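One structure is given here, and the rest of the page talks about it.
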Amino acid sequence: MSQDTTTASKPQLQKTNSISSGILENGSAKVVIEHLNAFYGTKQVLHDINMAIRDKTVTAIIGPSGCGKSTLLRTINRLHELKRNARVEGRVLLDNRDIYAPDVNPVVVRRRIGMVFQKPNPFPNMSIYDNVIAGLKLQGIRDKAILDPIVERTLKVVGLWDEVKDDLKRRGTELSGGQQQRLCIARAIAVEPEVVLMDEPTASLDPAATAIIEDLIRDLRKQYALIVVTHNMQQAARVSDHTAFLFNGKLIEYGPTRRVFEKPEQSLTEQYITGRFG
Amino acid sequence: MIEERASNGFGKDSYTSSRHWKTRLNIDRIMFFVTAACFLLVLIPLFSILFQVFYNGLRAFKFAVLLNEGGSPVSTISGIRHAITGTIYATLIGSAIGIPAGIIVGTYLAEFGNNSFADILRIIINTMVSIPTIITGVVVWAFVVTRVGHFSVLAGGIALGLIMIPLVARTTEEMIMLVSPIYIEAGYALGLTRMRNTISIVLANASKGIASGVLLAVARIMGETAPLLFTAFFSQASPSNIFDPAATLPVLIYNYAISPFEYWQGLAWIAAMVLILLNLDILFITRLMFPETHQSD
């Protein structure tokens, strides 16, 4: 395998292309992951991941527990490195610019890449209103004339406006689990990111709330590049355009969701999606 | 019938009448009485202290005692107002030093504490907690009192502040550790800087626990005697400024209780009562403001 990472991005993209067959037809990459290795101390959890992710699509990352799905997601907004002894090698390009370059401030990266977590986590010390604008307010924007319309717009996007418009002062943690998760999605998109990462966003929700979130993911796809880690293969098949299958920290297969599910190229992928392990 | 019992493991009658079961019920009863007895045993000293203090305190009590400054033991109109003022001064000065310093140190240890400097700091804090408070008093006497040239309530406050720092730092660190990492990660994922995240997410979510820990620390330094002996010393008048020596309730109790004058001994009981009431006040406020001691998710 070529270690020629210093050359310009063009040959890199072609190489990535060959791994991610069918991803970049008729479109350009929003996020490109190149030769990415991730470690906890001396333990390597991701091995030479290469992926190109298109704008305005939903990319699902599937795989058994402990295969590195969440770690891969967290390397894309540089959240991985906050854990003790965590380390990353390789490159992640956002609009062709390496977010791991020495002159890049992770805070700036994270403002461009929103994230939604497995467990709904609205800030318990804040109202619904304050939760939505938390990212903006804590960056110094306090003008109600700017914030009010953002709150209304983002809550409408996540379908929460009609449910909460009369008690925006209530605590975010008083909502139901599904509502809390939608509030967290609102909080993530209120800062107008370009990419939204979701780490098993429906894992702690009931089927009805899951269906609402899945509809929302399909909606958000019109505006953002979404990357969704999921445990649930049916969910990946329902919501995603592309699917990446990860196993033991290696990217086994990556391609259009339909093809991956109907005609997987790798036997491991086939065994996993047909339920023979995992 | 026999088959049915076998399938249940044991039948209904054997379940409640077996000897094994009876033994367990009896052990349960015995343990209940043992724990109840321990509970009462703990209450006896508490209530005997409260009873003694309030019985003797109320017997000597006159309202004028709270309003009058200290004075000669034969005047019978002298009071303990100067010591109440002194305690309030010393506690305020101690809190002004101990609360901010303790919160900053505790926050540093919890949020930025993955380095060898923090490990050393943690050892220092843990050592400070166990230093006898009279030593703290002596140190402040050597560094402050001897340089200023006289005893002062300021020096007393500094000694109390030094005692308070490790108490507040430890609570702060513990309370921050209780803040679930899912909120801290959410803050970082929104693009908050480390400082902003620490203040607005971490400290804001730990604030209840920290505040209740701080109030308990205030109550604790309010009752300290030893560190004030060489620092605030004593006086028969309220301090007019922070550079005056001042009487405090604990030191007044100590001085008057061992004096040969019955009137002063009475004042010591009253001072003890006032000190306990001030302390109970703070504990009560803590309970009232922060009904749950642990962060809820």
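In what follows, every chain begins at residue 1, and chains take the letters A, B, ... in the order their sequences are listed. Fair warning: this is a prediction, and the values are worked out from it, not measured in the lab.
Side-chain N or O atoms of A:N121 include one that pairs as donor or acceptor with a backbone N or O of B:I182 at under 3.5 Å. Side-chain atoms of A:R110 do not come within 3.5 Å of backbone N or O of B:A189 as any donor-acceptor pair.
For a residue to count as touching a neighbouring chain, one of its non-hydrogen atoms must lie under 4.5 Å from one of that chain's; by this rule A:L136 does not touch chain B. For a residue to count as touching a neighbouring chain, one of its non-hydrogen atoms must lie under 4.5 Å from one of that chain's; by this rule A:R187 touches chain B with backbone and side chain alike.
Between A:F123 and B:Y183 the shortest heavy-atom distance is CE2-O, 3.3 Å.
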| said: A:M115 vs B:E185, test: side chain to side chain contact (heavy atoms under 4.5 Å, CB included). Steps then yes/no. | reply: CA-CA 10 Å; A:M115 185 159 181; B:E185 282 193 333; over 6 Å; no
| task | Applying side chain to side chain contact (heavy atoms under 4.5 Å, CB included), run through A:R84 and B:N114 and close with a yes or a no. | result | CA-CA 8 Å; A:R84 197 184 274 229; B:N114 294 332; 2.3 Å; yes
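The line from CG of B:L190 to NZ of A:K137 is 14.0 Å long, rounded to the nearest 0.5 Å. Here B:S207 contributes atom OG and A:N125 contributes atom CG; the two are 7.5 Å apart, rounded to the nearest 0.5 Å.
Other residues, nucleotides and ligands place no more than 12 heavy atoms under 6.0 Å from the CZ atom of B:R24. The neighbour count for B:F284 CZ, taken as heavy atoms of other residues, nucleotides or ligands under 6.0 Å away, does not exceed 12. Within 6.0 Å of atom OH in A:Y40, more than 12 heavy atoms from other residues, nucleotides or ligands are found, so the atom counts as buried in its surroundings. Residue A:K43 places its NZ atom among 12 or fewer non-hydrogen atoms of other residues, nucleotides or ligands, all under 6.0 Å distant.
The residue from A:N77, A:V107, A:L82 that alone fulfils the side chain to side chain contact (heavy atoms under 4.5 Å, CB included) condition with B:Y188 is A:L82.
Most heavy-atom pairs under 4.5 Å with chain B: of the set A:C184, A:P106, A:P122, A:G114, this distinction falls to A:P122.
The closest side-chain heavy-atom distance from A:M126 to B:I201 is below 4.5 Å.
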